[in-house]
Amino acid sequence: LESTPSVRVKSFGSFGSPSLLSQRGSDAPHTLVLLDDIPLNEASSGLVDLSTVPSFLLDSVTVMRGFSASAPSPFHPGGIVKFTTKRPEFGIHGEAGFRLGVYPLQGDGDQGPAVGQKLKPPSSLFTLGALRQIVLSSSAFDGKLGVMATASLEHAVGDFVYYSDNGTVYNLDDDRYLLRRNNAHASLGALFTLLYLPDMWSELRLSFLEFDRTGGAPGLDVVPAADTRQSGGRQYLSVAYSRFKDYPDIASFSARLFLKFSSLGWMDPLGEISNARQTSTSRAMGAGVGLSGYVTPLSVATVVWGANGS
């Protein structure tokens with residue numbers, strides 16, 4: 001997305017940290033983000049945290065710089081970004097993947113022009129700053145019925161160091177490597193899709209997506225925040241019927257019904273981040289229906305129409 005003209009992505013940290021999307025010089029709330037035509041924008045703020053969209057579940061991303069008649073939203077001057085999840089392929093398929101990452105360096109304790117880093121002891125590489133991810137996917141499609149299930153489990157532990165100029169770019173005497181603590185996080189993403197083809201011109205698709213994440217609130221070494229945690233979960237369920245006509249990749253008629261749920265929990269028992277001891281939980285749910293299609297009268301023009309409610 002960052003390499004797409006007019007699109008800007010702003011990230012606020014490492015793995016699991018919030019990432020916001022904006023287009024055409026507008027603010028993040030002015031861009032509509034869809035997942036299989038389900039609006040992801042929060043009703044309270046209009047924002048979408050891209051880190052809550054598991055990228056391994058996606059098949060394609062479409063960027064629309066402007067208005068769309070079938071978009072389930074009143075008005076987003078920034079444009080629209082549409083995520084499309086994977087779908088079953090003909091035949092029987094399966095794959096598994098594993099990823100491992102480490103933070104191999106640590107600060108040497110110096111400050112000023114001599115600041116540097118050195119390698120961690122080999123025994124600590126797989127316990128400090130390690131990232132582990134396993135991905136499993138299976139798909140079967142025979143005749144008119146296809147089913148796909150895919151999931152990813154990611155876990156990262158440990159602290160790591162980063163370079164800081166202490167806000168004085170031209171003064172090297174106060175430069176140092178600072179420690180980022182409480183950086184552990186874990187996430188689970190899963191997608192189940194059932195696809196039925198009544199005939200060669202239409203399809204019926206049922207999809208369920210689950211994403212859960214829990215992690216610390218990373219901070220400097222002066223604010224350990226070891227007991228501060230944030231957890232959240234999202235679930236999306238959609239049923240869609242599409243009728244194809246002129247083009248194999250564009251539906252001339254589509255109808256979709258969706259349900260979505262989200263939860264967010266914040267635990268700060270020692271008041272290390274918020275300066276007040278608190279534990280809070282919020283939950284939200286939504287539902288919607290959308291109809292869209294197009295007609296081409298006399299083959300000289302295309303009229304796109306849509307109706308949505310949520």
Side-chain angles (χ1 to χ4, degrees), residues 1 4 7 9 19 21 31-42 48-64 68 70-73 80-97 133-141 144-154 187-197 202-213 232-244 247-251 253-262 285-292 306 308 310:
L1 284 171
T4 303
V7 177
V9 178
S19 297
L21 171 72
T31 298
L32 177 64
V33 181
L34 303 176
L35 177 66
D36 287 341
D37 290 330
I38 300 175
L40 301 185
N41 298 64
E42 297 290 346
V48 178
D49 181 3
L50 294 183
S51 67
T52 62
V53 182
S55 59
F56 78 97
L57 299 177
L58 303 180
D59 179 69
S60 64
V61 180
T62 303
V63 176
M64 304 175 63
S68 174
S70 60
S73 171
I80 303 169
V81 174
K82 300 178 67 173
F83 294 111
T84 303
T85 57
K86 296 179 179 178
R87 52 180 291 157
E89 301 178 4
F90 285 99
I92 299 177
H93 305 272
E95 62 177 304
Q133 182 186 39
I134 184 171
V135 178
L136 302 174
S137 180
S138 61
S139 175
F141 203 151
K144 295 185 176 183
L145 187 63
V147 61
M148 184 189 69
T150 181
S152 171
L153 178 63
E154 181 178 290
S187 63
L188 169 66
L191 172 67
F192 176 80
T193 299
L194 186 63
L195 184 65
Y196 175 66
L197 304 179
S202 59
E203 71 173 34
L204 182 64
R205 183 175 177 181
L206 170 68
S207 297
F208 176 76
L209 186 145
E210 170 83 19
F211 181 67
D212 295 283
R213 183 178 65 195
R234 292 179 178 274
Q235 299 83 38
Y236 302 98
L237 175 65
S238 67
V239 179
Y241 172 79
S242 300
R243 182 74 176 176
F244 304 99
Y247 306 98
D249 58 343
I250 300 178
F253 172 77
S254 178
R256 180 178 299 275
L257 173 68
F258 68 85
L259 301 172
K260 61 179 183 178
F261 305 89
S262 65
M285 59 178 285
V289 60
L291 303 173
S292 62
N308 301 275
S310 62

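Side-chain atoms are counted along with the backbone in the values below, which use heavy atoms only and exclude waters and symmetry mates.
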Check your understanding: Heavy atoms, side chains only, cut-off 4.5 Å: are V63 and L1 in contact?
Key -> yes

Check your understanding: D36 side chain to T85 main-chain N or O, any donor-acceptor pair under 3.5 Å?
Key -> yes

Exercise for review: Taking the side chain as every heavy atom from C-beta outward, state whether T150 and L57 have any atom pair closer than 4.5 Å.
Suggested key: yes

Review point. Pick from L34, L32, T52, V53: which one makes a side-chain contact (heavy atoms from CB on, under 4.5 Å) with L40?
Key: V53

Review point. What heavy-atom pair brings L136 and A96 nearest, and what distance separates the two atoms?
Key: CD2-CB, 3.6 Å

Review point. Is the shortest distance from a Lys or Arg side-chain nitrogen in E203 or R87 to a carboxylate oxygen in the other one below 4.0 Å?
Key: yes

Revision key, fill the gap. Correct closest heavy-atom pair for G189 and F211 would be CA-CD1, 4.1 Å

Check your understanding: So, the side chain of K260 versus the backbone of P39: is there a donor-acceptor pair under 3.5 Å, distance only?
Key -> yes

Practice item. Decide side-chain contact (heavy atoms from CB on, under 4.5 Å) for T84 and V61; before the verdict, give the C-alpha distance in whole Å, the side-chain angles of both, and the deciding distance to 0.1 Å. Key: CA-CA 6 Å; T84 303; V61 180; over 6 Å; no

Point to revise | Polar side chain donor-acceptor pair, R256 to S242, under 3.5 angstrom | key: no

Practice item. For residues R234 and F261, determine if any side-chain heavy atom of one lies less than 4.5 Å from a side-chain heavy atom of the other. Key: no

Review point. For the side chain of D49 and the backbone of S19, is there at least one donor-acceptor N/O pair under 3.5 Å apart?
Key: yes

Check your understanding: Which distance, rounded to the nearest 0.5 Å, do you find between the CD1 of I80 and the OG1 of T31?
Key -> 9.5 Å

Practice item. May I ask you to decide if L191's main-chain N or O and K86's side chain share a donor-acceptor pair within less than 3.5 Å? Key: no

Exercise for review: Report the distance from atom CZ of F244 to atom OG of S202, rounding to the nearest 0.5 Å.
Suggested key: 8.0 Å

Review point. Heavy atoms, side chains only, cut-off 4.5 Å: are P88 and T193 in contact?
Key: yes

Review point. Can you check side-chain contact (heavy atoms from CB on, under 4.5 Å) on L21 and V33, steps first, answer last?
Key: CA-CA 9 Å; L21 171 72; V33 181; 4.0 Å; yes

**Study point:** Stepwise side-chain contact (heavy atoms from CB on, under 4.5 Å) check, R213 with S51
**Key:** CA-CA 10 Å; R213 183 178 65 195; S51 67; 2.9 Å; yes

Review point. About how many Å separate CG of L50 and OG of S55, when rounded to the nearest 0.5 Å?
Key: 10.5 Å

Check your understanding: OH of Y236 to CD1 of I38: how many Å apart, nearest 0.5 Å?
Key -> 8.0 Å

Exercise for review: Nearest 0.5 Å please: distance from the CZ atom of F83 over to the CG atom of L209.
Suggested key: 12.0 Å

Point to revise | Aromatic ring proximity, centroids under 6.0 angstrom, F90 and F141 | key: yes

Review point. Donor-acceptor pair, S292 side chain versus A255 backbone, under 3.5 Å?
Key: no

Point to revise | Sub-4.5 Å side-chain heavy-atom contact between L206 and L237 | key: yes

Check your understanding: Going through the distances and angles, do L194 and F208 end up as a side-chain contact (heavy atoms from CB on, under 4.5 Å)?
Key -> CA-CA 9 Å; L194 186 63; F208 176 76; over 6 Å; no

Practice item. Find the distance between CG (D37) and CZ (F258) and round it off to the nearest 0.5 Å. Key: 9.5 Å

Review point. F253: what forms a ring-ring contact (aromatic ring centres under 6.0 Å, His included) with it, not counting sequence neighbours?
Key: none

Study note, to complete from the structure: Residues S152 and V135: closest non-hydrogen pair is OG-CG2, 3.6 Å

Revision key, fill the gap. Residue set satisfying side-chain contact (heavy atoms from CB on, under 4.5 Å) with E89, at least two apart, ordered chain then number -> H93

